[in-house]
Number of protein chains: 2
Amino acid sequence: MFEPVGQSPAYRRVCEVIRGRILSRDLPEGAVLPTETELARQFEVNRSTVREALRQLQSNGLVGRRRGGKRLVVTRPTKEAVAGGFSQALALHEARVMDVCEALLAVEPGIAAAAARQRGDATVQRLRAAAQRFTGAGGDSAEAVGAVAEFFDALAAGSGNPVFVLLNEPLMGLLQPGLADIIDRVPQARRRIGMAQQQILQAVAAADADAAAAWMSRHVQDFRRGYEVAGLPLAAAVGHGPG
Amino acid sequence: MFEPVGQSPAYRRVCEVIRGRILSRDLPEGAVLPTETELARQFEVNRSTVREALRQLQSNGLVGRRRGGKRLVVTRPTKEAVAGGFSQALALHEARVMDVCEALLAVEPGIAAAAARQRGDATVQRLRAAAQRFTGAGGDSAEAVGAVAEFFDALAAGSGNPVFVLLNEPLMGLLQPGLADIIDRVPQARRRIGMAQQQILQAVAAADADAAAAWMSRHVQDFRRGYEVAGLPLAAAVGHGPG
DNA sequence: TCCATGATAATTGTCCGACAATCCGACAAT
DNA sequence: ATTGTCGGATTGTCGGACAATTATCATGGA
């Protein structure tokens with residue numbers, strides 16, 4: 001009948017105030033926060049309380065420390081930080097490998113198409129490097145998986161769309177363990193991946209969005225099929241990847 | 001030449017240990033954590049240190065409190081929590097409205113298709129309710145926007161794919177402010193949205209994945225066009241939405 | 001027997017003060 | 001210009017403290 005009249009604890013209010021300042025660009029990226037003692041003085045709370053608030057902001061990636069630095073500075077969340085939270089949530093929501101495949105199938109062709117529409121030379125360069133790294137990765141499956149992820153990352157970055165970059169990252173994190181299995185167990189996987197990368201690369205270089213999307217679609221479906229061929233269960237829950 | 005030799009502070013190590021226990025299902029969802037004093041005793045650190053670690057886990061959505069409760073319990077991150085971090089990051093990465101549109105165009109048709117393939121009766125029900133809520137929302141644009149978001153949410157949930165649910169949520173958060181503008185300024189927007197919802201609804205009910213995807217594609221493109229017609233700048237940065 | 005009530009213990013939120021480690025900037029010495 | 005040294009500033013961690021709130025339980029009444 002009545003909603004509980006709640007008051008948030010001080011550490012949460014302090015956190016929200018600072019968060020608001022950052023999101024409103026009032027505290028721009030790179031700005032150094034006042035010292036903990038000074039914050040405690042300004043907010044009129046104890047330093048311990050300030051520290052609890054800062055820890056929350058830190059795990060959101062909104063503040064961080066410069067390498068070897070002591071003072072906290074405002075940072076924007078790296079795609080890794082966002083992806084970490086995402087994968088974590090996904091792992092606890094018992095997402096299955098097939099779910100990730102389905103999502104990849106929906107998202108990645110769009111990313112490839114967007115990258116093709118942009119056709120930045122730097123992107124083509126980076127894609128080529130990633131493809132080369134993949135073919136050169138001999139028997140080192142970890143290296144090969146890294147190269148595949150790098151290829152996808154390059155596409156997302158090349159789309160010039162930060163939304164794609166952030167969407168792509170967690171999916172890559174979830175893809176990698178399974179991909180390693182496939183590359184290890186399915187002999188023809190290497191060849192097929194390499195071919196798909198070449199085709200996508202050419203499509204992007206030619207600014208052919210439709211072709212890029214189509215090949216990416218095949219690329220992802222290949223992954224799914226490879227998983228089945230390898231005798232791995234598509235309904236298995238994804239583990240919490242690196243992050 | 002040399003990597004910096006770093007040692008993480010105690011509050012971070014404590015956080016990581018607890019996080020690991022949660023992600024490995026060792027501490028299952030709903031489990032109540034030991035009290036702060038007890039954790040401090042077990043980890044052999046001060047309670048303040050434990051509290052800093054807990055604040056980090058809390059902002060990741062891995063632990064929370066039951067309504068009016070005092071003890072912390074293990075929870076899985078709600079889609080809202082994930083979306084919050086995502087939108088936050090996007091806002092700081094200066095994502096533009098057109099970027100969000102592009103992402104919607106890539107993701108949502110896939111979600112609609114997946115939902116159609118599932119064709120759960122509950123999904124159809126929920127979609128119908130959302131559509132009805134939209135048409136019934138008269139001049140209340142906030143209500144209309146909420147109904148649209150609910151329609152998308154229902155689709156994502158109906159896909160049976162938690163990845164889609166989590167991908168969808170932040171995009172909805174970013175979509176809403178702009179959508180409100182459009183509904184306010186473009187007279188025919190209501191009719192077009194209503195029609196698209198009906199078509200998608202029918203496609204899902206008929207388990208016609210292709211049709212669902214196609215109509216969703218038109219639906220999203222409509223949004224983009226409406227934004228232009230309304231004279232709003234597609235290159236404007238998205239604000240940090242509710243969350 | 002079962003439920004409401006009140007007393008009591010446990011737990012969190014917040015504060016204070018303290019100290020070692022270490023980072024920063026300045027300054028001197030080679 | 002590089003290195004050594006020093007004092008101040010800042011963080012990481014600790015110990016203890018107390019009020020407010022919640023959990024627990026015994027008790028008495030229906």
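Every chain is numbered from 1, with letters handed out A, B, ... down the list of sequences. Keep in mind that what you see is a predicted model, and the values were worked out from it rather than measured.
What separates CD of B/Glu52 from P of D/dT13 is a distance of 7 Å, to the nearest Å. In this entry the distance linking CZ of B/Arg67 with C1' of D/dA23 reads 18 Å, nearest Å. In this entry the distance linking CD of B/Gln7 with P of D/dT11 reads 17 Å, nearest Å. The distance between atom CZ of B/Arg66 and atom C1' of D/dA23, rounded to the nearest whole Å, is 13 Å. Rounded to an integer number of Å, the gap from A/Glu44 CD to C/dG13 P is 21 Å.
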- Reading DNA chain C 5' to 3', how would its secondary structure be written in dot-bracket notation, given Watson-Crick and G-U pairs with both distances under 3.5 Å, brackets [ ] for crossing pairs and | for partners on other strands? ||||||||||||||||||||||||||||||
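Distances shorter than 4.0 Å separate some side-chain N or O of B/Tyr11 from OP1 or OP2 on D/dG12.
Ranking C/dC15, D/dG12, C/dT14 by closeness to the A/Ser48 side chain, first place goes to C/dC15. With D/dG12, D/dG15, C/dG13 as the choices, the nucleotide that has an atom nearest any side-chain atom of B/Asn46 turns out to be D/dG15.
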- Under the side chain to side chain contact (heavy atoms under 4.5 Å, CB included) criterion, do B/Val14 and B/Glu52 qualify, and how do the steps go? CA-CA 9 Å; B/Val14 169; B/Glu52 290 185 39; over 6 Å; no
Dump the pairs, protein N or O against N or O of nucleotides 5-12 of chain C, anything under 3.5 Å, distances to one decimal.
from	atom 1	to	atom 2	distance (Å)
C/dT11	O2	B/Lys70	NZ	2.8
C/dT12	OP2	B/Glu36	N	3.1

Sequence neighbours excluded and cut-off under 3.5 Å, please list the side-chain donor-acceptor pairs for residues 93-108 of chain B, or say none.
from	atom 1	to	atom 2	distance (Å)
B/His93	NE2	A/Pro77	O	2.9
B/Arg96	NE	B/Asp99	OD2	3.0
B/Arg96	NH2	B/Asp99	OD1	3.0
B/Arg96	NH2	B/Asp99	OD2	3.4
B/Asp99	OD2	B/Arg96	N	3.0
B/Glu102	OE1	A/Asn161	ND2	2.8
B/Glu102	OE2	A/Arg117	NH2	3.2

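When heavy atoms are screened at a 4.0 angstrom cut-off, B/Glu38 is found touching no nucleic acid atom at all.
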